[in-house]
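Here the structure is laid out as structure tokens; the discussion comes afterwards.
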2 protein chains.
Amino acid sequence: MAICYHQSSLKLSSSYPLPNLFIPKSQSQTLTLRCKNLSSVSSSSTTLVTEPEPIFTSVKSFAPATVANLGPCFDFLGCAVDGIGDFVTLRVDPQVHPGHISISHIDGVGDSSKKLTKDPLLNCAGIAAIAVLKMLNVRSVGLSLSLHKGLPLGSGLGSSAASAAAAAVAVNEIFGGHLSVSDLVLAGLESESKVSGYHADNVAPAIMGGFVLIRSYDPLEFIQLKFPPNLEEKDLLFVLVNPEFEAPTKKMRAALPMEIPMRDHVWNCSQAGALVAAVLEGDLKGLGKALSSDRIVEPRRAPLIPGMEGVKKAAMEAGAFGCTISGAGPTLVAVTDDEEMGREIGDRMVEAFMEYGNLKASAMVKRLDRVGARLVSCIPG
Amino acid sequence: MAICYHQSSLKLSSSYPLPNLFIPKSQSQTLTLRCKNLSSVSSSSTTLVTEPEPIFTSVKSFAPATVANLGPCFDFLGCAVDGIGDFVTLRVDPQVHPGHISISHIDGVGDSSKKLTKDPLLNCAGIAAIAVLKMLNVRSVGLSLSLHKGLPLGSGLGSSAASAAAAAVAVNEIFGGHLSVSDLVLAGLESESKVSGYHADNVAPAIMGGFVLIRSYDPLEFIQLKFPPNLEEKDLLFVLVNPEFEAPTKKMRAALPMEIPMRDHVWNCSQAGALVAAVLEGDLKGLGKALSSDRIVEPRRAPLIPGMEGVKKAAMEAGAFGCTISGAGPTLVAVTDDEEMGREIGDRMVEAFMEYGNLKASAMVKRLDRVGARLVSCIPG
């Protein structure tokens, strides 16, 4: 399988296989420039007039895991984490009805392949792929799609968004990358709305990388918050601790209050502002502090994750700058700036999950993904 | 009266009289550096062990008007506006009981001098001055204070905060500037809590200049949001339109809802995040848009300001990037980047106040004050 570069809105960032998904600085900067132009986006979807032809016979794409909600930023802010996510392999397939998608294969971690449907109208990757096909006005080419899940389902790491993002990018790129990032986010949102809820705070960072603030849905508007380059060899590190426990998004949503006292609203609003400022200024301690400060959602959801309170305490005692629930959980996310300390924090959190929640858990330490969904390989047509 | 410079935490920024309070860039940068070190402050108040001696026999200070709330940033974000504010003249006075403050004179716009008490325990300037005297541990020197109000009372422009900030800075500076900015904010907050409510979103920017986000009160923590230098000759301009109408803070507070629906909370939170991002990135259109987007406070308070809806509409039609209530009103604030357009927007808003609210109003176009409370003159001891 060849490595190839071509001119489109998304850059090819690595070859397949990917032993290490960390993106070299120069490529990150390229993407930062691209994202700078798109830092505040208001959009409605594109539909091409002329049907494009595929420029590859096959492509493979990757989209990263994402951490949404981020404490006080419930439902409007998320970020991408490097080195873990979903892969989509897409190929032009004369066996597939023109203008259609067929999902040929699903595999990956856990029992994803058993739980996920291959019906493209119901599968998150399939829905996003079809949305992009429609925007591109593709009617003459059929595609078969293979999905490799690197993310467990229902973990709070944006599993469905990663599949949707990888699929959207793969379809766009196989036809030459005519769509904008905002089109791809719209396609991803179409998938999310059918599978997990009408929210873009996972799928936008899964596609764009970095931190993305969703400003409105009608029209869809989002702002990429540019996290500055690493300072003094300190890096933003996420400690992600995933217990063996299923916390369905719907149940976690049902725990939310309908009404918020004014004082809590003002508090969370100010912490959300502080978090945005910390991101833009690269203030890791400030980011952690804000992340930890939610008084509205976390207090309601924490009791649904056995041991959560003790695990958060253990993370803070081990030196984390902050800790909260990732997405709708049950994964917890802590923030630090040192890899060794990150591993130590992760170990303490895993122990605490056993001690306070009687749950097995696994920890990983990840960097911010500044790139988002990308091609990882392609075979020219 | 001499102009003099001395080493303290606050720089002397202009001579008295002040025909133009716009601060030269170099001084603004000096203050930006100072503020950079203080960009995130957590504090409890200082009390000096050794009583300092006055280094001046008299000082004159200025503190700017402030716009608090800023749409979705209710109760936690404010900014200072250049060229309008209150003056305090302070002198060492052997006639005044040592360790005490006497308010000798109050004058200024409107009927401020009639409405304000000269009792230093009840006057906002007096309370802040006494708080600073206590922090400095001054027991041997009496001071007399003269207050010149440049701001009308109850206008929504931080009138009490400007008096408190000017007084706090004057007392600190006459004794050599031993206190930190955070001490001065604490002194100002003590005054605000007795006179207008326990909130620092006026007094912190009145003391520090620029945009200040109040992150918490226990302990007091605030973040100075560094608005970038002007780009491409475009400047952040505030159009302030003050109708002849009194909107008492208490009545405006009573209009607030006790409980906020979750969807409005998420919306306002995301707009607050967008506003913070716009400030830090110098995105004037984004700032205006966020300013205009409040769905919680403005809809409740707007009906209490006759004509408000029509005035906001007139501002937007005249090209403002955004418009909302300044503080608790009745002054409205609109944002633009062009001085001539700012005057045009102001004229349209004044007309609309008459048309829709049957209220006379006056408009002014002001820049961001990046300096905050400062000495304007002093007489060495």
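Chain letters run A, B, ... following the sequence lines, proteins first, then strands; residues in each count from 1. Just so it is clear, the structure is predicted and the values come from calculations on it, not from any experiment.
Within the 4.5 angstrom heavy-atom criterion, atoms from both the backbone and the side chain of A:Ser216 approach chain B. The contact between A:Ile214 and chain B is made entirely by backbone atoms, counting heavy-atom distances below 4.5 Å. With a 4.5 Å cut-off on non-hydrogen atoms, A:Ala278 does not touch chain B at all.
When the candidates B:Leu213, B:Leu280, B:Leu77, B:Ile260 are compared by the number of heavy-atom contacts under 4.5 Å with chain A, B:Ile260 comes out ahead. Between chain A and the residues B:Leu275, B:Asp75, B:Ile296, B:Asp264, the largest count of heavy-atom pairs under 4.5 Å involves B:Ile296. With chain A as partner, the option from B:Gly286, B:Cys73, B:Ala272 having the largest number of non-hydrogen pairs under 4.5 angstrom is B:Gly286.
Looking only at side-chain heavy atoms (C-beta outward), A:Met262 and B:Val297 come within less than 4.5 Å of each other. B:Arg263 places none of its side-chain heavy atoms less than 4.5 Å from the side chain of A:Met258.
Distance check, rounded to the nearest 0.5 Å: OG of A:Ser270 to CZ of B:Phe222 gives 14.0 Å.
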*Test B:Lys226 against A:Glu281 for side-chain contact (heavy atoms from CB on, under 4.5 Å), laying out the working first.*
CA-CA 10 Å; B:Lys226 293 180 274 288; A:Glu281 296 192 336; 3.6 Å; yes
*Just do the side-chain contact (heavy atoms from CB on, under 4.5 Å) check on B:Phe74 and A:Cys269 with the steps written out, would you?*
CA-CA 9 Å; B:Phe74 174 70; A:Cys269 244; over 6 Å; no
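Under a 3.5 Å cut-off, the side chain of A:Gln271 and the backbone N or O of B:Arg215 do form a donor-acceptor pair.
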